[in-house]
Asker: 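Take this structure first; my questions come after.
Atoms within a ligand are numbered from 1 in the order they appear, just like the ligands themselves.
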Amino acid sequence: MTYPSVFCSNCGSDYPKDGIPYCCSICGGLFDFRSGLQFDPTQMERSQPGIWRFRHTFGLPPDLAPVSLGEGNTPLLWAEALGRRIAFKCEYLNPSGSFKDRGSAVITAWLISRGVTEVVEDSSGNAGASLAAYAARAGIKARIFIPESASGPKRKQIEAYGAELVTIRGSRSDVTKAVRNAADGGSVYASHAYIPFNLSGYASAAYEIFEQVGKMPGAVVVPAGQGGFLLGLARGFDALCKVHKQYTIPMMIGVQAWSCAPLWALCAARDEQARPVTEGETLAEGVRVRDPLRGDAVRAAVLRSRGFMVAVDEKDIMPARNALARLGFYVEPTSAIAWAALIQMVDKLPDPIVVILTGSGLKYG
Ligand SMILES: [Zn+2]
């Protein structure tokens with residue numbers, strides 16, 4: 001089975017019909033979808049669990065057997081705050097405690113369809129915990145590389161699922177180097193950043209938000225490290241706009257921490273050369289990514305949506321975490337940067353505003 005929907009964005013080759021390369025074996029380029037995601041309301045499968053209602057949109061064989069732990073169908077809750085009525089998409093209520101489960105479920109189903117029994121992955125914590133959960137569900141052996149600095153609860157979660165934890169001393173980028181060495185040695189690299197099916201999994205949140213709000217949101221505020229969730233959401237909204245032609249996609253507001261803000265720099269720089277970016281310490285460990293793989297695509301999605309990137313000061317992160325908790329939403333510091341950003345620029349955003357709450361507060365400590 002080939003996947004003509006996925007190709008090397010550098011040399012144009014189709015994704016191969018055998019094996020699971022994480023990047024193009026001809027030129028080393030990044031795989032992506034050849035065209036936008038396709039959403040067809042007549043192909044919705046209402047009897048399937050969670051995100052699997054949208055199976056036809058994933059860019060995979062239409063009969064791909066679902067792997068599910070109950071991901072998706074997360075609540076959208078409204079609250080009065082900052083003088084506005086704001087919607088909160090509670091992605092932290094996914095099975096492993098973060099939005100990553102939408103991508104892990106799709107990737108794991110695809111791995112099974114290709115007969116994979118062992119994988120490696122790298123993560124600041126949430127993607128690793130998520131993949132470990134789905135690997136356990138599917139009977140796949142997982143080896144997860146994380147930085148030494150990753151939060152204790154995330155490490156414990158990964159180990160409890162039965163994955164092998166490989167702790168790397170150094171920066172998040174050093175972790176990626178280590179896992180790429182393992183992949184170059186022959187391991188299947190089930191990367192949430194490289195493998196594009198993650199993006200079509202994330203896009204399922206856009207279809208749910210559209211259903212739950214009852215129309216297209218005016219603005220969506222989301223933390224961004226690689227920017228994969230932002231990109232998946234934007235592509236999901238794009239797919240909806242092709243069907244519901246009266247709408248345009250919401251303003252996409254991506255949020256980073258000042259100490260590591262490459263996507264912010266890329267958007268702010270516009271046509272100038274991007275500024276050098278540090279990989280500084282931050283409470284927002286989940287968005288500490290110095291070299292986002294799909295930075296240009298994220299920038300294009302943000303600017304096309306008339307949105308922008310915001311960078312949040314370190315001192316504003318815990319107050320934002322606490323403010324969300326006072327509304328009843330217990331999220332990790334990484335997720336709280338969305339709220340810290342919203343406080344800065346709520347007046348610039350059209351209704352309805354949707355804030356994406358990405359990861360559980362139980363992950364932090
Ligand atoms: Zn290529």
Side-chain angles (χ1 to χ4, degrees), residues 1-38 57-62 64 100 103-104 106-116 118-123 127 131 143 145 172-203 224-236 238-239 262-263 266-267 271 273-274 277 289-304:
M1 177 77 200
T2 58
Y3 300 110
S5 60
V6 171
F7 79 131
C8 169
S9 56
N10 187 48
C11 76
S13 307
D14 280 343
Y15 195 89
K17 58 180 186 239
D18 299 307
I20 309 269
Y22 68 93
C23 63
C24 177
S25 54
I26 298 165
C27 75
L30 193 59
F31 289 117
D32 202 348
F33 290 93
R34 198 176 279 282
S35 57
L37 302 178
Q38 304 299 319
T57 65
F58 294 155
L60 286 162
L64 188 79
K100 302 279 186 184
S104 298
V106 175
I107 284 183
T108 304
W110 175 61
L111 293 171
I112 291 171
S113 76
R114 292 220 155 180
V116 173
E118 290 189 33
V119 295
V120 294
E121 160 74 310
D122 64 318
S123 170
L131 188 71
R143 195 153 44 109
F145 292 63
R172 177 69 182 83
S173 308
D174 293 326
V175 179
T176 298
K177 273 183 217 143
V179 80
R180 283 182 60 158
N181 285 340
D184 293 341
S187 297
V188 169
Y189 181 17
S191 171
H192 65 285
Y194 280 92
I195 294 177
F197 301 118
N198 223 35
L199 299 174
S200 51
Y202 294 158
Q226 288 283 355
F229 199 19
L230 185 155
L231 191 56
L233 284 163
R235 290 182 178 185
D238 271 330
L263 294 171
L266 197 59
C267 289
D271 295 328
Q273 205 171 10
V277 171
V289 178
R290 192 181 61 198
D291 300 305
L293 282 177
R294 300 182 194 275
D296 290 341
V298 173
R299 175 180 182 272
V302 167
L303 297 182
R304 198 167 44 78

Asker: Yes or no on side chain to side chain contact (heavy atoms under 4.5 Å, CB included) for Lys100 and Asn198, after CA distance, side-chain angles and deciding distance?
Answerer: CA-CA 8 Å; Lys100 302 279 186 184; Asn198 223 35; 5.7 Å; no
Asker: May I ask you to check whether Tyr189 and Asp122 show a side-chain donor-acceptor distance below 3.5 Å?
Answerer: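 Asp122 and Tyr189 do have a side-chain donor-acceptor pair below 3.5 Å.
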Asker: So, are Asp238 and Arg235 salt-bridged, with charged N and O less than 4.0 Å apart?
Answerer: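 Looking at Asp238 and Arg235, the cut-off is not met.
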Asker: Measuring only between side-chain heavy atoms, which start at C-beta, is Leu131 closer than 4.5 Å to Thr108?
Answerer: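 Answer yes - side chains close enough.
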Asker: Do Leu60 and Phe197 make a side-chain contact, defined as non-hydrogen atoms from C-beta onward lying under 4.5 Å apart?
Answerer: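 In short, these two side chains touch, coming nearer than 4.5 Å.
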Asker: Which protein N, O or S atoms lie under 2.8 Å from the Zn ion (ligand 1), given by chain and residue number?
Answerer: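 Near the Zn ion (ligand 1), below 2.8 Å, one finds Cys8 SG, Cys11 SG, Cys24 SG, Cys27 SG.
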Asker: Please examine the side chains of Val188 and Arg114, heavy atoms only from C-beta on, and report whether any two atoms are closer than 4.5 Å.
Answerer: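 Result no, sub-4.5 Å side-chain heavy-atom pair not found.
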